[in-house]
Amino acid sequence: MEKFVIKGGKPIRGTVRISGAKNAAVAILPAVLLADDMCVIENLPDISDVSAILYVMRCLGAQVRLINKSTVEIDPRHANSYVVTKQMAEGMRASSYFLGALLGRMCRARVAPPGGCNFGVRPIDQHIKGFEALGAKMTIENGMVDGVAPELRGASVYLDVVSVGATINIMLAAVKAKGLTVIENAAREPHIVDLANFLNSMGANIMGAGTGMIKIRGVERLNGTNYSIIPDQIEAGTYMAAAVATAGDITITNVTPKHLESIVAKLREMGAEIEEFDEAVRVKMISRPKKCNVKTLPHPGFPTDMQPQIATVLAIAEGTSIVTEGVWDSRFRYVDQLTLMGADIQVDGKMAVITGVSELTPAPVKAVDLRAGAAMIIAGLMAQGQTEVENIDHIDRGYENIVDKFTALGADIKRVVVPDDMAAYKQA
Ligand code: EPU
């Protein structure tokens, strides 16, 4: 096991390059299974969630060749299995995308239910409803989700909740189905648009991605393609929040400023000076953050995946802020950890009342999930003295080279092997 050791209390300064978007990559890679030829995917983030997907692709029979750490060539032509076992899917939310991709490829899928971050109940009823509308018979047997269809036919699907995963899965299943599929009340996140652009670059016919209504006219064949994944909006937002938290001055490159609008708006409300360029953003903070209320919502609202990071900055703001979680039932589990560092936060259901304290104090804390882990790093960078963050495998799922990137910004952060493991390592 490893942990991060952070000596905080100084501003971060410099330039950081943002990697490809995790949540686009984990949809686009399974989508390669729909192609009838080789695909090259660029700007892939080097994170453990991506490695996990590539492992599943190999197990299914696809040929996967890493050209360099951000480019992969995948030949899906010989993929002949439709089973993603529990062992293959472990720890990865996006395993569910293999349901849509395999149904779309061979009208057959058997996939272990997704793992990923624990935010309370994470149902997939809207995914199932979509597959059934397209003609698949869905069952859950022996802990596996099973889908089979003689053929898939386009249909209208109205999503009862705006779901990123269901929108993506229905797109994957519909892209080669016969006729027209319409997804109403679809999610509008940038990675939905990226997936549609990827599929269209292979010859798919998808319109309306990025709006609440997506129309997919099924095609018979999808060609191979070369495609570069969009920059990670949440990784960018995390570094921006860290700059505001530490009164720093950083420039983040390889970003799409349009995807950062809601984050920029809130950080400006907190007093940050933010300059936007074509593919870069500069964030400068010279004062203590001001209080600010934040409510997370599906895109274009403030992203839930930035909620722990912004709440952590608000922990040292002047005044009392209210953060409301509008997407997940339970995404405040990290608050107990921040409290150990002296934060004053009261959680009531989906709402957190944050009374700003003048500073956080170091403490041993845990990453309870991916974004909560990023928030603990931000807290550690703010606190004078040494903070240790455990359970960092959560963070490795979604942040490429986080130690190197923060170190290049002048932070003192190290990855350290926890002694117990060292003993086991020596014995081996
Ligand atoms: N929901 C249902 N039924 C469904 C699907 C979802 O009720 O069939 C509910 C969920 O319980 C939740 C809401 O709808 O309350 C939104 O869930 P959504 O399906 O949009 O989430 P997801 O697809 O499982 C993705 C991201 C998450 C991100 C959410 C919301 C990936 C791999 N994961 O999850 O990202 O929080 O959308 O934007 O794309 C992260 O990156 O840290 C992360 C957790």
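Just so you know, ligand 1 is whichever comes first in the structure, and atom 1 is the first atom listed for that ligand. The figures that follow rest on heavy atoms only: side chains count, while hydrogens, waters and symmetry mates do not. The residues of the chain are indexed from 1 along the displayed sequence.
The number of heavy-atom neighbours closer than 6.0 Å to CG of Asp160, taken from other residues, nucleotides and ligands shown, is above 12.
The side chain of Arg331, and not its backbone, has at least one atom closer than 4.0 Å to an atom of ligand 1 (non-hydrogen atoms only; side chain from C-beta on). Residue contacts with ligand 1 for Ser163 involve both N, CA, C or O and side-chain atoms from C-beta outward (heavy atoms, distance under 4.0 Å). The backbone and the side chain of Asp125 each have at least one atom closer than 4.0 Å to an atom of ligand 1 (non-hydrogen atoms only). Contact annotation: for Gln126 versus ligand 1, heavy atoms closer than 4.0 Å belong to both the backbone and the side chain. Under 4.0 angstrom from ligand 1, there are no non-hydrogen atoms of Asp329. Contact annotation for Val164 and ligand 1: heavy atoms of both the backbone and the side chain come within less than 4.0 Å of the ligand.
Residue contact check: Lys22 has heavy atoms under 4.0 Å from atoms 40 (C), 41 (O) of ligand 1. For ligand 1, the atoms closer than 4.0 angstrom to any heavy atom of Leu370 are 42 (O).
The shortest N or O to N or O distance between Val327 and ligand 1 is under 3.5 Å. Of the polar atoms of Gly165, at least one N or O is found under 3.5 Å from an N or O of ligand 1, judged by distance alone. The shortest N or O to N or O distance between His191 and ligand 1 is not below 3.5 Å. Every N/O-N/O distance between Thr304 and ligand 1 stays at or above 3.5 Å.
Ionic pairing of Lys3 and Glu388 is present here: one or more N-O contacts between side-chain nitrogen and carboxylate oxygen are shorter than 4.0 angstrom. A salt bridge is absent between Glu325 and Lys350; no separation between the charged side-chain nitrogens and carboxylate oxygens falls under 4.0 Å. Between Arg77 and Asp37 there is a salt bridge, since at least one side-chain N of the basic residue sits less than 4.0 Å from a carboxylate O of the acidic one. With respect to the salt-bridge test (charged N to carboxylate O, under 4.0 angstrom), the residues Asp146 and Arg110 qualify. The residues Asp404 and Arg415 are annotated as not salt-bridged, no charged nitrogen and carboxylate oxygen being separated by less than 4.0 angstrom.
Side-chain atoms of Ile252 and Val255, non-hydrogen and from C-beta on, do get closer than 4.5 Å to each other. At least one side-chain heavy atom of Pro303 sits less than 4.5 Å from a side-chain heavy atom of Gln233. Between Ile28 and Tyr227, the closest side-chain pair of non-hydrogen atoms falls below 4.5 Å.
Under a 4.0 Å heavy-atom criterion, Gly398 is not in contact with ligand 1.
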